[in-house]
Number of protein chains: 4
Amino acid sequence: MSPDTSPEAAREVSPRPVETLTARGLRTRAALLDAARVVFAGSGFAESRIADISRVAGVAHGTFYTYFSSKEEVLHAVMSELQREMASERPAHTAPPSPAQGIEAAHRHYLRMYRTNAALLATLEQVATLSEDLRTMRREHRRFFVDRTARAIQRWQDAGLADPGLDPTYTASALGNMVDRFAYVWFVIGEEFDEDKAVETLTRLWVQALGLDHEHPPSPHRRPRLPGRSTSTS
Amino acid sequence: MSPDTSPEAAREVSPRPVETLTARGLRTRAALLDAARVVFAGSGFAESRIADISRVAGVAHGTFYTYFSSKEEVLHAVMSELQREMASERPAHTAPPSPAQGIEAAHRHYLRMYRTNAALLATLEQVATLSEDLRTMRREHRRFFVDRTARAIQRWQDAGLADPGLDPTYTASALGNMVDRFAYVWFVIGEEFDEDKAVETLTRLWVQALGLDHEHPPSPHRRPRLPGRSTSTS
Amino acid sequence: MSPDTSPEAAREVSPRPVETLTARGLRTRAALLDAARVVFAGSGFAESRIADISRVAGVAHGTFYTYFSSKEEVLHAVMSELQREMASERPAHTAPPSPAQGIEAAHRHYLRMYRTNAALLATLEQVATLSEDLRTMRREHRRFFVDRTARAIQRWQDAGLADPGLDPTYTASALGNMVDRFAYVWFVIGEEFDEDKAVETLTRLWVQALGLDHEHPPSPHRRPRLPGRSTSTS
Amino acid sequence: MSPDTSPEAAREVSPRPVETLTARGLRTRAALLDAARVVFAGSGFAESRIADISRVAGVAHGTFYTYFSSKEEVLHAVMSELQREMASERPAHTAPPSPAQGIEAAHRHYLRMYRTNAALLATLEQVATLSEDLRTMRREHRRFFVDRTARAIQRWQDAGLADPGLDPTYTASALGNMVDRFAYVWFVIGEEFDEDKAVETLTRLWVQALGLDHEHPPSPHRRPRLPGRSTSTS
DNA sequence: TATGAATGAGCTTTCATTCAT
DNA sequence: TATGAATGAAAGCTCATTCAT
């Protein structure tokens, strides 16, 4: 094993790295992580107590510190896990018949996923600005989704299906925000909406905003990227 | 649950109603309110201390309680004030030549306003779910903007300028979120954008999503698809 | 009053500066300082609890932090006070008839003073190396006594009373240590001694070591500073 | 009072007597003892953690308790070892030509030895008063050195080399302290000295204090003043 | 009204020690 | 013997709120 026996190493970070944990340790850590998720979702970050997390996990108060060195650290771990889950869930495995139908399916899936995790996502919203660390995590998570959408928009533009005058990244960011925020207002702030109507409206807005509802023949003289309105108004 | 997170607590009347204050009292109260705004913007809600607010206001610690009965109460007062300011600011003084230009001006104005108040708006985001009281305040504030936009959409639809198949309220909510969230991601989360390009993209997305870029002859057989207002009002 | 109302100043050190305290505050601070002295003397530093100090002072636990920000800080204050007392106590106001008699009086006084404060001085010993801060305080306090003794030695040398071959500073340091340490071994470690005999021995050792028991005529050819033994051995 | 500061606790037998250990066990115990020495020297007693000692020794945290029943117990073991080493080191192999030269050699050796072990000796100073047990150990260790010096003084007195008016024990204690404390102030408190000058000054002070620099004819009428040994033994 | 000292519940964190494997 | 996870008593410290002046 040959650990670091130098006196300088005497002061080390308390929580043992995850890779060095025994099976029992991994089980306890998982229990704490699950408990933290439940507690954060139920009380928000500020009102959550380490004592609550330990109690829900069924371990002694001190055991918490065997695995995490602070409330911030579990929070980080919980949120990483949540975002990993959100990123890995894939709504459809078969290619949708049309962009519009794919968008509709994605919207429905996103809204349902949001509703399921609403309490925890509300907490994520609360803490997004608490530390630079979390802000960075948030930015990177967003970028994952934005990039995915931006690539789709690019593909549609290349295929002559979407308005080529839109910047894919700005557009993906804006339209993504629209759906994400709609879900937040609905499930967290408590505005009331009807699912079918919400999906329908959001989809129609995307389709029309992207110009997916009519063709965009690749005209040889490149049209100005922005803000070129339709020719009829000029 | 801690004693003062219940919605009733925040609704409690101030130690002394504002109307009964002397001129000196009003001045002190205003100083505290300003100080709270600065401190909340600088530290967020959880990290702000009554002691900080008092010190910044230049009054003794105990004086705070002459005007507010709790931290929640100042928060409420600060946020009310902010939302009142945001609602009263009017961007354009002359009627815009076209909906698209009006939208563009509104977007630019909103983004600039957001940038100015970013820190406080970030705090508002943090606390939105802290109490039912704040959640309600948030809902009502949103409704003010959404209704204003919904009325505009309705007008454009009635004038044959906008897609009549869109529900004005759902649409106003979704498009409003898009801009609000874009500003948040930019000024709070720290994504980087260019103002002109942002305004252009957001405007183009609104215009195309609403179908403001082509005509919508009032064909009676298409109107009923979505629960828009009854045709008799136009 | 015009305090610092800038937001940057919001985060300030907790304990209000002593000069700004009211009479009541000064009283409480003094009570805490006295209590700390008692508790440190009784339990040593490591075993003393803030709770003990507060209880002995008759104030609430939190009140401690109104005046000191940590156990280290009171310790520092207590030790400063002790050293100030030790430095200001003057044994004799009349010039002693001879150096030897002055030394004897000083020794007796030092031993009695040590016995009185033995418990607290034992604590001082314990903590001397706890922080650079305390180590510095210790060094400076020592220097005060060493310098005083060194000046006396210098005077005696100039008057032809003491061995001119001794470096006043090294000598003062060494002889001072001898007495200080004798007291420590006696009153703290628990070795048993008789006061008269102790004073007599220490004084005789000083007198002979310094050569105060015979004359040192200022020979025109400066004798080698060190280690020149008596001429009889060469 | 806390459970383990009583003298009995430190006297408790180790979980398993050293004699019954296997070769492997002896090796582990030695590793822990060495580690404790390093950690105590580096962090002092209060700031040293069993976890640190175990880590530096390269064994699991729990293994510590196979060999020692508490932190106090290792401390005791470490300090015993240190004092055994200090007592067994013999500076000179050949008889010194004169008392003065012997004293000088002893002083130089002592100062160097102190410098080498300064950190651990500083810790010893810190803990000297922590328990009656340690205070006793300290007293006995001191007595060993004091007795050795006292015997030398006695011999010099009997040979007519040293002032017969000095009590050998008091004198040995006082002069021993002088050197020991000088080293402490130098290597622990951080006062700055030059080795040659220090050795010279300390030696000169001893020599003159003891009167080794001139003869002391055994005049029978002066001898009885202090309780030196009875003249019949010489 | 204003002041600033006092309060103490509440939470976090540490770490010596135990114990199942 | 060795391991490393679990325990929980003990402190430390914070800060919203109260209160005497």
Side-chain angles (χ1 to χ4, degrees), chain A residues 1 14 16 20-29 47-52 54 58-71, chain B residues 2-4 15-16 21-22 24-25 27-29 47-54 58-72, chain C residues 1 14 16 20-29 46-52 54 58-72, chain D residues 2-4 15-16 21-22 24-25 27-29 47-54 58-72:
Chain A
M1 184 178 317
S14 295
R16 183 181 289 271
T20 73
L21 293 177
T22 62
R24 186 192 185 191
L26 285 171
R27 239 179 299 129
T28 306
R29 200 190 119 100
E47 293 302 309
S48 291
R49 309 287 160 234
I50 306 270
D52 301 337
S54 305
V59 300
H61 194 159
T63 299
F64 175 89
Y65 291 92
T66 305
Y67 300 97
F68 305 99
S69 55
S70 68
K71 198 162 66 147
Chain B
S2 44
D4 277 336
R16 188 174 295 206
L21 293 176
T22 64
R24 183 196 187 190
R27 242 180 298 124
T28 306
R29 201 192 117 97
E47 293 303 303
S48 291
R49 311 281 160 242
I50 304 281
D52 301 336
I53 296 174
S54 305
V59 301
H61 192 161
T63 301
F64 175 89
Y65 290 89
T66 306
Y67 299 97
F68 303 97
S69 59
S70 71
K71 196 161 72 144
E72 278 73 19
Chain C
M1 182 180 315
S14 296
R16 184 179 288 270
T20 71
L21 292 178
T22 63
R24 185 193 188 193
L26 285 171
R27 240 179 298 127
T28 305
R29 201 191 118 99
E47 295 302 307
S48 291
R49 308 285 159 235
I50 307 271
D52 301 336
S54 305
V59 300
H61 192 161
T63 299
F64 175 90
Y65 291 93
T66 305
Y67 299 98
F68 305 99
S69 56
S70 68
K71 198 162 66 146
E72 277 72 18
Chain D
S2 44
D4 277 336
R16 188 175 294 206
L21 294 176
T22 63
R24 184 197 187 189
R27 242 180 297 124
T28 305
R29 202 191 117 99
E47 293 303 303
S48 291
R49 310 284 160 239
I50 304 281
D52 301 337
I53 296 174
S54 305
V59 302
H61 192 162
T63 300
F64 176 89
Y65 290 89
T66 306
Y67 299 98
F68 303 98
S69 59
S70 72
K71 195 160 72 145
E72 277 74 18

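Each chain gets a letter, A, B and so on, in the order its sequence line appears, and its residues count up from 1.
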Chemist: Identify the heavy atoms of C/S54 and C/F64 that sit nearest to each other, and give their distance.
Modeler: OG-CB, 3.7 Å

Chemist: Enter the distance from A/L21:CG to A/L26:CG here, rounded to the nearest 0.5 Å.
Modeler: 5.0 Å

Chemist: Side chains of C/H61 and C/I50: does their closest heavy-atom pair fall under 4.5 Å?
Modeler: yes

Chemist: What is the distance from CZ of A/R16 to P of F/dT3, rounded to the nearest Å?
Modeler: 11 Å

Chemist: Please figure out whether A/K71 or B/R24 has its closest DNA chain E nucleotide nearer the 5' end.
Modeler: B/R24

Chemist: How is C/Y67 classified with respect to the nucleic acid when contacts are heavy atoms under 4.0 Å: base, sugar-phosphate, or nothing?
Modeler: sugar-phosphate

Chemist: Take A/F64 and B/F64, find for each the nucleotide of DNA chain E with the closest heavy atom, and name the residue whose nucleotide sits nearer the 5' end.
Modeler: B/F64

Chemist: Between B/I50 and C/S69, which has a closest nucleotide on DNA chain F that is more 5'?
Modeler: C/S69

Chemist: Given F/dT7, is OP1 or OP2 found less than 4.0 Å from the side-chain N or O atoms of A/T63?
Modeler: yes

Chemist: Please determine, for the side chain of A/H61, which listed nucleotide (E/dT7, E/dT12, F/dT1) has the closest atom?
Modeler: E/dT12

Chemist: Tell which nucleotide pairs with F/dT14, taking only Watson-Crick or G-U wobble pairs whose two distances are both under 3.5 angstrom.
Modeler: E/dA9

Chemist: Once you round it to whole Å, what is the distance between C1' of E/dG4 and OH of B/Y65?
Modeler: 14 Å

Chemist: Would you please confirm or rule out a distance under 4.0 Å between OP1 or OP2 of E/dA5 and any side-chain N or O of C/T22?
Modeler: yes

Chemist: Using atom CZ of B/R27 as one end and atom P of E/dT1 as the other, report the distance to the nearest whole Å.
Modeler: 11 Å

Chemist: Once you round to the nearest 0.5 Å, how far does CZ of A/R27 lie from OG1 of A/T22?
Modeler: 8.0 Å

Chemist: Starting from C1' on F/dT17, measure out to CZ on B/R49 and report it in whole angstrom.
Modeler: 14 Å

Chemist: Rounding to an integer number of Å, can you tell me how far C/F68 CZ sits from E/dA5 C1'?
Modeler: 14 Å

Chemist: When you check the phosphate oxygens OP1 and OP2 of F/dT17, does a side-chain N or O of B/S70 lie under 4.0 Å from one of them?
Modeler: no

Chemist: More 5' along DNA chain F: A/G25 or D/T28, using each one's nearest nucleotide?
Modeler: D/T28

Chemist: Atom CG of A/L21 and atom C1' of F/dA6: how far apart are they, to the nearest Å?
Modeler: 13 Å

Chemist: For F/dA20, give its Watson-Crick or G-U wobble partner with both distances under 3.5 Å, or none.
Modeler: E/dT3

Chemist: D/I53 has an atom CD1; how far is it from atom P of E/dC15, in whole Å?
Modeler: 12 Å

